[in-house]
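As structure tokens, the structure follows; a few thoughts come after it.
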Protein chains: 2
Amino acid sequence: MKELQSEYQCAINLVIDLIGGKWKVLLLWHLNEGDKRFNELRRTIPEITKKMLTQQLRELEGHGLVKRTVFEEVPPRVVYSTTDFGHRLQPVLYGMCQWGDDYAEKEGIQMNSCWTGRDFMKNKSDLS
Amino acid sequence: MKELQSEYQCAINLVIDLIGGKWKVLLLWHLNEGDKRFNELRRTIPEITKKMLTQQLRELEGHGLVKRTVFEEVPPRVVYSTTDFGHRLQPVLYGMCQWGDDYAEKEGIQMNSCWTGRDFMKNKSDLS
DNA sequence: CGGCATCCCGAGCGATACTG
DNA sequence: CAGTATCGCTCGGGATGCCG
């Protein structure tokens, strides 16, 4: 698993290391809607491989942004959810998304949303 | 130079591509204090190589976050400054830094600041 | 169902040397 | 002063196959 550096120039670089994985923002977004199972996430994001899904979830878990709960059943059931710390990251992600959407519009870059203004508002009541 | 993708899952990943280079946040921070010359930045950040400094500045310039002004003199003089768009990124970076500082404190990660609460306040009057 | 083990490739970054 | 050019390594991430 990806280890964080022991020291950073700036906390922003730490945040980038935490959420900079290719699928992490998308995963945090989906987990933000509610708890999800492994194959549920796979169906929601068909392009991701099992290896990458496992890896990104494990890193988010190891860094304390996501919680992994295993139910000892047959067949096995594993549920992922956001932690309090992960939840408090939402307004920050929202701010990034706002600026990024502006930038994308100005530069004519295509965007598939997640944390756009409208989608986020649905969950705004979640914020303290 | 690093090309942006033509399409993104989420604007947050776009933002990460824009500021995720190893030295970009630090450069934006220093340029935020005021315009800087090439070797001025090298002295401020002794660990960075000329190659990386050039590359990161060129990418920031190419993406519209930094402006490069060449004075046709001998010896040459080149001054870097933030654009309006780069300037409007500040509150977002500040938000990331706040959350990241909390995280670092909780996890016992050492931080060398830049956009910490106190340092940022000096420039708060800059914000619209 | 929910993984883990391998192999492989390209991007990001550093070191070093040269230049108008 | 302010760069450019080249080499080489590391590591993130994709493809594929096996497992309790």
Side-chain angles (χ1 to χ4, degrees), chain A residues 1-9 13-27 30-31 35-63 66-81, chain B residues 1-6 8-9 13-14 16-27 30-31 35-63 66-81:
Chain A
M1 139 143 160
K2 162 158 181 171
E3 300 298 330
L4 297 177
Q5 296 169 40
S6 57
E7 189 181 342
Y8 282 86
Q9 303 160 342
N13 290 326
L14 166 61
V15 174
I16 292 174
D17 275 3
L18 289 172
I19 66 170
K22 183 165 183 187
W23 306 95
K24 289 186 181 176
V25 167
L26 201 55
L27 289 172
H30 287 302
L31 293 179
D35 301 359
K36 294 281 160 59
R37 296 181 59 173
F38 187 84
N39 276 353
E40 205 175 348
L41 288 167
R42 283 193 73 194
R43 280 191 299 274
T44 315
I45 314 172
E47 319 83 52
I48 197 171
T49 62
K50 281 184 294 183
K51 177 203 166 194
M52 283 310 294
L53 181 53
T54 306
Q55 187 188 104
Q56 302 274 295
L57 285 170
R58 284 296 201 289
E59 287 183 11
L60 288 168
E61 184 198 3
H63 297 149
V66 160
K67 188 159 69 95
R68 177 171 179 266
T69 310
V70 182
F71 295 87
E72 298 293 353
E73 308 170 352
V74 181
R77 183 159 61 103
V78 179
V79 171
Y80 293 91
S81 53
Chain B
M1 141 145 156
K2 160 159 185 170
E3 301 297 330
L4 297 177
Q5 297 167 40
S6 56
Y8 281 87
Q9 304 160 341
N13 290 326
L14 166 61
I16 292 175
D17 275 3
L18 289 172
I19 66 170
K22 183 165 183 187
W23 306 95
K24 288 185 181 177
V25 167
L26 201 56
L27 289 170
H30 287 303
L31 293 179
D35 302 357
K36 294 280 162 58
R37 298 182 57 174
F38 187 84
N39 276 354
E40 205 175 348
L41 288 167
R42 284 193 72 198
R43 279 190 300 274
T44 314
I45 313 172
E47 319 83 52
I48 198 172
T49 63
K50 280 184 292 185
K51 178 203 166 193
M52 283 310 295
L53 181 54
T54 306
Q55 186 188 104
Q56 303 275 294
L57 285 169
R58 285 295 202 291
E59 287 183 11
L60 289 169
E61 184 199 3
H63 296 148
V66 159
K67 187 160 70 94
R68 176 170 178 266
T69 311
V70 182
F71 295 87
E72 298 291 352
E73 308 171 351
V74 180
R77 183 159 61 102
V78 179
V79 172
Y80 293 91
S81 53

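So you know, we letter chains A, B, ... as the sequences are listed, proteins then strands, and number each from 1.
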Can you list everything that forms a side-chain contact (heavy atoms from CB on, under 4.5 Å) with [X]? Sequence neighbours excluded, please.
{"X": "A:V15", "result": "A:I19, B:M96, B:W99"}
{"X": "A:K2", "result": "A:D17, A:E59"}
{"X": "A:E72", "result": "A:V70"}
{"X": "A:T69", "result": "A:K67, A:F71"}

Looking at every heavy atom in both B:K24 and B:L18, which two are closest together, and how far apart are they?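 Reported closest heavy-atom pair: CD-O, 3.3 Å.
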Taking every non-hydrogen atom, the tightest pair across A:G20 and B:I16: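 Distance-wise, the nearest heavy atoms are CA-CD1, 4.0 Å.
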Quick one: bend of the helix from C:dC1-D:dG20 to C:dG20-D:dC1 from 5 pairs per end, to 10°?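 Axis-to-axis angle, ends of the helix: 50°.
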I'd like to check [X] versus [Y] (side-chain heavy atoms, cut-off strictly below 4.5 Å). Are they in contact?
{"X": "B:F38", "Y": "B:T54", "answer": "yes"}
{"X": "A:V25", "Y": "B:Q9", "answer": "no"}
{"X": "B:H30", "Y": "B:L26", "answer": "yes"}

Heavy atoms only, 4.0 Å cut-off, all strands: where does B:K2 land among base, sugar-phosphate and nothing?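 Counting heavy atoms under 4.0 Å across all strands, the contact made by B:K2 is with sugar-phosphate only.
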Once you round it to whole Å, what is the distance between [atom2] of [N] and [atom1] of [X]?
{"X": "B:N39", "N": "D:dG3", "atom1": "CG", "atom2": "C1'", "value": "9 Å"}
{"X": "A:E59", "N": "D:dG13", "atom1": "CD", "atom2": "C1'", "value": "11 Å"}
{"X": "B:M52", "N": "D:dC7", "atom1": "CE", "atom2": "C1'", "value": "16 Å"}
{"X": "B:R37", "N": "D:dG3", "atom1": "CZ", "atom2": "C1'", "value": "13 Å"}
{"X": "A:Q55", "N": "D:dA15", "atom1": "CD", "atom2": "P", "value": "14 Å"}
{"X": "A:K51", "N": "D:dC19", "atom1": "NZ", "atom2": "P", "value": "19 Å"}

Partner set under side chain to side chain donor-acceptor pair (under 3.5 Å) for A:E73, not counting sequence neighbours: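 With neighbours one apart ignored, the set is A:R77.
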B:Q55: what forms a side chain to side chain donor-acceptor pair (under 3.5 Å) with it, not counting sequence neighbours?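 Listed in chain order: nothing, the list is empty.
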Look at the side chain of A:P76 and decide which nucleotide, out of D:dC1, D:dG20, D:dG13, has an atom nearest to it.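 The closest nucleotide is D:dG20.
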Among residues 66-75 of chain A, which residues get a heavy atom nearer than 4.0 Å to DNA chain C?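 Heavy-atom cutoff 4.0 Å gives A:R68, A:P75.
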Any side-chain N or O of A:Q56 below 4.0 angstrom from OP1/OP2 of D:dG13?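 A:Q56 to D:dG13 OP1/OP2: side-chain N or O found under 4.0 Å.
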Using only side-chain N and O atoms of A:W23, determine if any of them is under 4.0 Å from OP1 or OP2 of D:dG12.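 Negative; the distance criterion is not met.
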Please compare A:K22 and B:F38 by the position of their nearest nucleotide in DNA chain D and report the one closer to 5'.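 Residue closer to the 5' terminus by nearest nucleotide: B:F38.
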List the steps, then state whether side-chain contact (heavy atoms from CB on, under 4.5 Å) holds for A:E61 with A:M1. CA-CA 11 Å; A:E61 184 198 3; A:M1 139 143 160; over 6 Å; no
Check salt bridge (Lys or Arg N to Asp or Glu O under 4.0 Å) between A:R58 and all other residues, then give those that pass, not counting sequence neighbours.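 Partners of A:R58 under the salt bridge (Lys or Arg N to Asp or Glu O under 4.0 Å) test: none.
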Mind listing the side-chain donor-acceptor pairs of residues 39-53 of chain B below 3.5 Å, one per line with the distance, residues two or more places apart or on another chain?
| from | atom 1 | to | atom 2 | distance (Å) |
| --- | --- | --- | --- | --- |
| B:E40 | OE1 | B:R37 | N | 2.8 |
| B:T44 | OG1 | B:E40 | O | 2.7 |
| B:T49 | OG1 | B:M52 | N | 3.2 |

Can you pull the contact range of chain A along DNA chain C, 5' to 3', using atoms under 4.0 angstrom from its heavy atoms?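 The footprint of chain A covers C:dC1 to C:dT6.
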What are the residues of residues 40-50 of chain B, sorted by number, that bring a heavy atom to within less than 4.0 Å of DNA chain D?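 Nucleic-acid contacts, sorted: B:K50.
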